[in-house]
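What follows is a single structure, written as structure tokens, with notes after it.
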Amino acid sequence: MEIKHSDDGAKGYFSAKEGDIKAGLMTYVWAGEDKFIIDHTEGNPDFKGIGKKLLDAAVAYARENNKTIIPLCPFAKKMFDRTPEIHDVLAA
């Protein structure tokens, strides 16, 4: 499984592929210089747990770059609600 990150300065995404098969996508938009809004997550049903892997990549990116996350996507919001150990990157 390969997870790639792309960012154009206004928006970005984390995408996951297994070979040539698209496993999942998590998109975001920037809300200022230090936080981004996760606005959409989609996962191929053949890849159970891919949403969590994409969120893990987003959290790792936020930690490494001193950013915070606003989880507006229902999936991301649910995962933040259930996972207190990632609240260090949750935007206030």
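Everything numeric in this text was worked out from a predicted model, so none of it was measured.
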With side chain to side chain contact (heavy atoms under 4.5 Å, CB included) as the test, would you mind laying out the steps for K22 and N44 before giving the verdict? CA-CA 7 Å; K22 181 178 171 184; N44 180 329; 5.8 Å; no

Calculate, to the nearest 0.5 Å, the distance between atoms CD1 and CD belonging to I50 and E42 respectively. 11.5 Å

Taking K67 for the side chain and E33 for the main chain, is one N or O donor matched with an acceptor at less than 3.5 Å? yes

Same hydrophobic cluster for V59 and M1, using side-chain heavy-atom links shorter than 4.5 Å among ILVMFWY? yes

Is it the case that over 12 heavy atoms from other parts of the model lie below 6.0 angstrom from the CG atom of N66? no

Is there any ring-ring contact (aromatic ring centres under 6.0 Å, His included) pair reaching into residues 6-26, and which pairs are they, with sequence neighbours excluded? H5-F14, F14-Y28

Can you tell if the side chain of K53 reaches within under 4.5 Å of the side chain of F47, non-hydrogen atoms only? no

Check the pair I3 / L54 against side chain to side chain contact (heavy atoms under 4.5 Å, CB included), numbers first and verdict last. CA-CA 7 Å; I3 296 181; L54 292 167; 4.2 Å; yes

Apply the test salt bridge (Lys or Arg N to Asp or Glu O under 4.0 Å) to residues K17 and D20: give CA-CA distance (whole Å), side-chain angles for both, the deciding distance (0.1 Å), then the verdict. CA-CA 6 Å; K17 288 181 88 173; D20 291 334; 5.0 Å; no

Who passes side-chain hydrogen bond (donor to acceptor under 3.5 Å, both in side chains) against D56, sequence neighbours left out? K52

Identify whether I86 and I37 are in the same connected component of the hydrophobic contact network (ILVMFWY, side-chain heavy atoms under 4.5 Å). no

Heavy-atom pair of closest approach, residues F36 and A58: CZ-O, 3.9 Å

Measure the shortest side-chain to side-chain distance between F80 and I70 over non-hydrogen atoms and say whether it is less than 4.5 angstrom. no

Between W30 and L25, is there shared hydrophobic-cluster membership here, with clusters defined by ILVMFWY side-chain heavy atoms closer than 4.5 Å? no

Quick one, M26 and I38 - any side-chain contact, counting heavy atoms below 4.5 Å? yes

Are I69 and L72 connected into the same hydrophobic cluster when the rule is that any two of I, L, V, M, F, W, Y join if their side-chain heavy atoms are below 4.5 Å apart? no

What's the separation between atom OG1 in T27 and atom CG in D39, rounded to the nearest 0.5 Å? 3.5 Å

